[in-house]
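Let me begin by presenting the structure, written as structure tokens, before commenting on it.
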Amino acid sequence: MVISDIALHFPKNLSEAIRLLGELEEARVLAGGTDLLIEIKQGLVMVKNLISLKKIKELKGIEKKGNRIRMGALSTLEEVMSDPLINQYIPALADAAASMASFQIRSMATVGGNISSAVPSADLPPTLIAAEATVELHCSDSSREVSLSEFFTGPREMICGKGELLTSVFIPLPPDETGIAFQKFALREASALAVVNVASKLTIKKGKIERALIVLGAVAPTPVLASKASGLLCGNKPSDSLFEKAALTAREEGNPISDIRGSIWHRKELIQVLTRRTLDEALSQVQGKLRRGK
Ligand SMILES: Cc1cc2nc3c(=O)[nH]c(=O)nc-3n(C[C@H](O)[C@H](O)[C@H](O)COP(=O)(O)OP(=O)(O)OC[C@H]3O[C@@H](n4cnc5c(N)ncnc54)[C@H](O)[C@@H]3O)c2cc1C
């Protein structure tokens with residue numbers, strides 16, 4: 001498809017963007033374009049109209065709002081990586097953003113685009129789901145907030161209806177004594193999609209794990225909340241043997257495919273190894289906070 005055949009629109013605010021999305025024929029939203037423009041050039045997506053979000057101020061910025069962090073959908077991966085709030089409260093999200101692509105791509109690519117592309121190997125969703133994030137969706141006459149864990153319905157499929165825009169991501173500030181860690185295995189150091197990625201969150205109270213969430217990426221059509229492995233941790237004291245058992249259980253909760261980047265066996269091995277690493281790292285974060293008396 002020739003890109004010059006497509007009409008490009010630059011709405012100045014959210015309501016104009018939503019109106020255009022409802023009115024225009026074969027219209028798609030354009031954020032950083034690092035995913036969509038490639039798909040269009042490869043003929044995988046046919047569009048007549050692209051609605052750029054670039055000029056919409058409401059979609060920008062990362063800020064603290066009450067007991068949550070709000071990330072505008074247009075926040076770029078470079079902004080996420082360097083944001084003081086993200087680095088203070090959810091450093092794993094900065095790690096996930098830093099693991100992606102190259103400086104050039106990260107400067108264009110957005111949080112909203114990474115989520116809305118709904119690619120199984122996307123790097124932000126596992127950490128966001130582990131952090132219990134919600135997303136705000138807007139359409140012409142209403143808005144709703146849904147848990148990110150319920151957002152994805154299949155590869156490149158989500159609950160977002162036609163004419164609906166993802167406007168913000170909300171992350172609750174993690175309770176004290178909480179650690180969240182992200183790990184990714186890719187075939188190269190830079191600019192490579194995840195073969196497997198894992199994010200884990202641990203909240204520890206009085207020496208016992210009060211809450212645990214292990215989320216696996218690139219091992220099923222949508223991110224997988226490894227509920228058996230997470231449940232196994234709760235109520236117990238963290239230990240090597242417990243973490244090993246949880247990692248082994250998580251290994252069976254993924255449902256990976258064999259493809260050009262890895263076999264089913266390799267991906268299962270990776271789930272186990274990366275889960276163990278994220279649990280160790282999340283625990284170290286909690287222990288570090290306790291030492292500093294936070
Ligand atoms: C070389 C290269 C390396 C990459 N490496 C990685 C990697 O390591 N990890 C990774 O996860 N991804 C990677 N990607 C994929 C891509 O860069 C990211 O997914 C990026 O975050 C997409 O964001 P974007 O703003 O560019 O989205 P766009 O391309 O603009 O949009 C993607 C999709 O989301 C929709 N969309 C965008 N914003 C919204 C919104 N606010 N509401 C509703 N729908 C919306 C668009 O209509 C489109 O369907 C890579 C891409 C390239 C080209």
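Read the numbers this way: they start at 1 and go in the same order the structure lists the ligands and their atoms.
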Quick check for students: name every N or O atom pair between ligand 1 and the protein closer than 3.5 Å, with distances.
from, atom 1, to, atom 2, distance (Å)
ligand 1, 8 (O), Ala101, N, 3.4
ligand 1, 8 (O), Asp123, OD2, 3.4
ligand 1, 8 (O), Lys184, NZ, 3.1
ligand 1, 8 (O), Ala192, O, 3.3
ligand 1, 9 (N), Asp123, OD2, 2.7
ligand 1, 11 (O), Asn114, ND2, 3.0
ligand 1, 11 (O), Asp123, N, 2.9
ligand 1, 17 (O), Thr34, OG1, 2.7
ligand 1, 19 (O), Asn114, ND2, 3.0
ligand 1, 21 (O), Thr110, O, 3.1
ligand 1, 21 (O), Asn114, N, 3.4
ligand 1, 23 (O), Thr110, N, 3.4
ligand 1, 25 (O), Gly32, N, 2.7
ligand 1, 25 (O), Thr110, N, 2.9
ligand 1, 25 (O), Thr110, OG1, 2.6
ligand 1, 26 (O), Gly33, N, 3.2
ligand 1, 26 (O), Thr34, N, 2.8
ligand 1, 26 (O), Thr34, OG1, 2.6
ligand 1, 29 (O), Thr34, N, 3.4
ligand 1, 29 (O), Asp35, N, 2.9
ligand 1, 29 (O), Leu36, N, 2.7
ligand 1, 30 (O), Ala31, N, 2.9
ligand 1, 30 (O), Gly32, N, 3.2
ligand 1, 30 (O), Gly33, N, 2.8
ligand 1, 41 (N), Leu166, O, 2.8
ligand 1, 42 (N), Leu166, N, 3.0
ligand 1, 44 (N), Ser116, OG, 3.3
ligand 1, 47 (O), Val29, O, 2.6
ligand 1, 49 (O), Arg28, NH2, 2.8

Q | Short side-chain donor-acceptor distance under 3.5 Å, Glu78 and Ser107 | A | no
Q) Are more than 12 heavy atoms from other residues, nucleotides or ligands located less than 6.0 Å from atom NZ of Lys57? A) no
Give every donor-acceptor pair under 3.5 Å between a side-chain atom in residues 203-216 and any protein atom, sequence neighbours left out.
from, atom 1, to, atom 2, distance (Å)
Thr203, OG1, Thr178, OG1, 2.9
Arg211, NE, Glu132, OE2, 2.9
Arg211, NH2, Glu132, OE1, 3.0

(Q) Are more than 12 heavy atoms, taken from residues, nucleotides or ligands other than Lys60, located less than 6.0 Å from that residue's NZ atom? (A) yes
**Q.** Spacing of Ile62 atom CD1 and Leu74 atom CG [to the nearest 0.5 Å]
**A.** 11.5 Å
Q) Does a side chain donor of either Thr278 or Gln183 reach within less than 3.5 Å of an acceptor in the other side chain? A) no
